[in-house]
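A quick write-up on the structure given underneath.
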2 protein chains.
Amino acid sequence: MDLSPIAEDYLKTIYHLEDENGRPVRTGDISTALDVTSPTVTSMLDSLDERELVDYTPYKGVELTDRGTETVLQLVRNHRLLETFLMEHLDYSWSAVHDEADCLEHYVSDEFTRRLATFLGEPVTDPHGDLIPDSDLKMPEKSPYTALTEYEPGDTVTVEQVPHRDPDVRDYLSRHRIGPGTQLVVDEVSSIDLVTVVPSTTETSVALPTHVARRIGARVVTK
Amino acid sequence: MDLSPIAEDYLKTIYHLEDENGRPVRTGDISTALDVTSPTVTSMLDSLDERELVDYTPYKGVELTDRGTETVLQLVRNHRLLETFLMEHLDYSWSAVHDEADCLEHYVSDEFTRRLATFLGEPVTDPHGDLIPDSDLKMPEKSPYTALTEYEPGDTVTVEQVPHRDPDVRDYLSRHRIGPGTQLVVDEVSSIDLVTVVPSTTETSVALPTHVARRIGARVVTK
DNA sequence: ATCGAGAGTTAGACTAGTCTAACTATATAT
DNA sequence: ATATATAGTTAGACTAGTCTAACTCTCGAT
């Protein structure tokens, strides 16, 4: 089939919203995420449903079919391999790679991706700690990282996985020198939706809302 | 300015036709090259003229303005650096790189291209022997290769530059094992628009129409 | 000098993706 | 149980890039 980059973006958005929100994906979620109006979303959902890439029930919500998921996984594979290349060989920072990869993922051929994977040594995770689907589009075993919210005050951990798709979150973390490889001490896990950490590089306390801390994966250094 | 990949393709086509035909570029040339109808070309030329990327005189022809040329040179730089990367690091064959680069050239950022050039060691020619514009979009000194048509029967030469944008020409050369680096003996330069050569790898005589031989650049080995 | 073949343009229609305005369904609070 | 705020859909319009059909210009042959 012949899918436009725009249609691919809708599928990707549905995929990530399914993952992040854990509830049925609604028209409004997509229109917010893609910054288009809701009628635009409705008409695209009609067309994707027509092509059996999503199951769309008007007024209820939408989810990806197996075919839709397959399409997205190829894009995710392209994206994460591109990010790996950009960081490891073109010296991009972790916070800068997303936008470039987000564009190119739609245009590289499957052949390109296969060869790039070989060039990179068939990596299983990208530099943000996210898993890279293999050439059969199977996800590797789930990442062994533990969310920052699961640690206790005083634990020292190394950041292995950072959320980076949301520019605001990405820039906040980047500005406070929290990225892949950062070592930090958990300072406080408050009950008012806040986790406070102290990166060893800056020694300055950084506050993180729970919804961000929950998406930061880390490996324990000392308890 | 915000130029669509499609508009960019028209500019590129005009650039290459100016170079190849040496006469004013006409609507029909473009419609043949891009495989669209002539009214489509007319309307795009109106729009490009509007944006001062070309000078278009109805019924007469079209040529690039300085702004149009600059746009194209950035694309040419993107394209040739991408081809270099594909061949040198992803192990593509010289005859396979064009299509991938032709697509990606529209989507890589200037930042990407700058970093890729650094990664590749700031090359001045691509693997087809074509010149790569520098970061200020200046073309390096003209290539020192001599067209195959300029040699005498008996000369032994190494191929340094091959035409590869036309799929038919490219596939013909590739099928007869003539590519960058091929060593061959010029057998006959006939007056009926034909050059015959014998690649040292195959020892089989290959006939080339003049319009192809003229675009093959070579360096002499023995006279 | 003129005529006609062929190249080129104008007119009008179609698609995908977008919008705004108007209308409808859902679901929550009473 | 119902009203109403909010989310969602339908209707209709617009743009870029494409097409076909119809018309017009150019230039070389006479």
Side-chain angles (χ1 to χ4, degrees), chain A residues 1-14 17-18 20-64 68 71-72 75 102-103 105-107, chain B residues 1-14 17-18 20-64 68 71-72 75 102-103 105-107:
Chain A
M1 148 149 24
D2 196 21
L3 211 47
S4 74
I6 291 174
E8 289 180 345
D9 273 336
Y10 281 82
L11 295 177
K12 261 194 2 169
T13 300
I14 294 164
L17 287 170
E18 276 179 354
E20 282 161 29
N21 294 350
R23 54 177 170 75
V25 177
R26 294 179 351 270
T27 301
D29 297 332
I30 301 170
S31 81
T32 304
L34 288 176
D35 196 24
V36 295
T37 60
S38 33
T40 304
V41 175
T42 301
S43 77
M44 181 57 90
L45 292 182
D46 281 336
S47 138
L48 294 174
D49 188 84
E50 191 73 27
R51 286 178 274 181
E52 312 222 320
L53 293 161
V54 303
D55 283 331
Y56 167 50
T57 313
Y59 293 107
K60 295 301 180 182
V62 65
E63 58 185 33
L64 295 175
T71 304
V72 172
L75 291 168
D102 228 27
C103 170
E105 64 182 0
H106 299 290
Y107 302 104
Chain B
M1 159 177 8
D2 196 21
L3 210 48
S4 74
I6 290 173
E8 290 179 344
D9 273 335
Y10 281 83
L11 295 177
K12 262 195 1 169
T13 300
I14 294 163
L17 287 170
E18 277 178 353
E20 283 162 28
N21 295 350
R23 54 177 171 74
V25 177
R26 294 177 353 272
T27 302
D29 298 333
I30 302 170
S31 82
T32 303
L34 288 177
D35 195 24
V36 295
T37 61
S38 32
T40 303
V41 175
T42 302
S43 78
M44 181 57 89
L45 292 181
D46 281 336
S47 141
L48 294 175
D49 188 84
E50 190 73 27
R51 286 179 275 181
E52 313 222 318
L53 294 160
V54 303
D55 284 331
Y56 166 51
T57 313
Y59 295 106
K60 296 299 180 184
V62 66
E63 58 184 34
L64 294 175
T71 304
V72 173
L75 290 168
D102 227 28
C103 171
E105 64 183 359
H106 300 289
Y107 303 104

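As the structure is a prediction and not an experimental result, all values here were calculated from the model. First the proteins, then the strands, lettered A, B, ... as listed; each starts at 1.
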Checklist entry - Should A:Arg23 and A:Glu18 be marked as a salt bridge (Lys or Arg N to Asp or Glu O under 4.0 Å) after you check the CA-CA gap, both sets of side-chain angles, and the distance that decides it? => result CA-CA 7 Å; A:Arg23 54 177 170 75; A:Glu18 276 179 354; over 6 Å; no
Next on the checklist: I'd like to know whether B:Val41 forms a side-chain contact (heavy atoms from CB on, under 4.5 Å) with B:Tyr10, so could you lay out the CA-CA distance, the side-chain angles of the two residues, the decisive distance to 0.1 Å, and finally the verdict.
Outcome noted: CA-CA 8 Å; B:Val41 175; B:Tyr10 281 83; 4.3 Å; yes
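Out of C:dG8, D:dC27, C:dT26, the shortest distance to the side chain of B:Tyr59 is found at C:dG8. Comparing atom distances between the A:Arg26 side chain and each of C:dG8, D:dA7, D:dT18 picks out D:dA7 as nearest. Each of D:dT10, D:dT18, C:dG17 was ranked by its minimum atom distance to the side chain of A:Ser4; first place goes to C:dG17.
Nucleic acid contact for A:Ser47: none, since no nucleic acid atom lies under 4.0 Å from a heavy atom of the residue.
Using a 4.5 Å heavy-atom threshold, the side chains of A:Leu64 and A:Val25 count as separate. In this structure the side chain of B:Leu17 never reaches within 4.5 angstrom of the side chain of B:Arg26, judged on heavy atoms.
For the pair B:Leu45 CG and D:dA16 C1', the computed distance is 15 Å after rounding to whole Å. Between the C1' atom of D:dG17 and the CG atom of B:Leu11 lies a distance of 15 Å, rounded to the nearest Å. Rounded to whole Å, the distance from CG on B:Asp49 to C1' on C:dT9 is 15 Å. Distance A:Tyr10 OH to C:dA16 P: 14 Å, rounded to the nearest Å. Atom CD of B:Glu8 and atom P of D:dA16 are 16 Å apart (whole Å). Spacing between atom CG of B:Asp46 and atom P of C:dG8 amounts to 14 Å, rounded to whole angstrom units. Nucleotide D:dG17 holds its C1' atom 15 Å from the NE2 atom of B:His106, rounded to whole Å. Rounded to whole angstrom, the span from the CZ atom of B:Arg23 across to the C1' atom of C:dA7 amounts to 12 Å.
Of the possible donor and acceptor atoms, one in the side chain of A:Thr32 sits under 3.5 Å from a partner among the backbone N and O of A:Gly28.
One finds the CD atom of B:Glu50 at 13.0 Å from the CE atom of B:Met44 (value rounded to the nearest 0.5 Å). Here the CG-CG distance, from A:Leu3 to A:Leu75, works out to 8.5 Å after rounding to the nearest 0.5 Å.
Distances shorter than 4.0 Å separate none of the side-chain N or O atoms of A:Ser43 from OP1 or OP2 on C:dA16.
Between B:Lys60 and A:Pro5, the residue anchored nearer the 5' end of DNA chain C, judged by the nucleotide with its closest heavy atom, is B:Lys60.
Near DNA chain D, meaning a heavy atom under 4.0 Å away, the residues from residues 27-41 of chain A are A:Thr27, A:Gly28, A:Ser38, A:Pro39.
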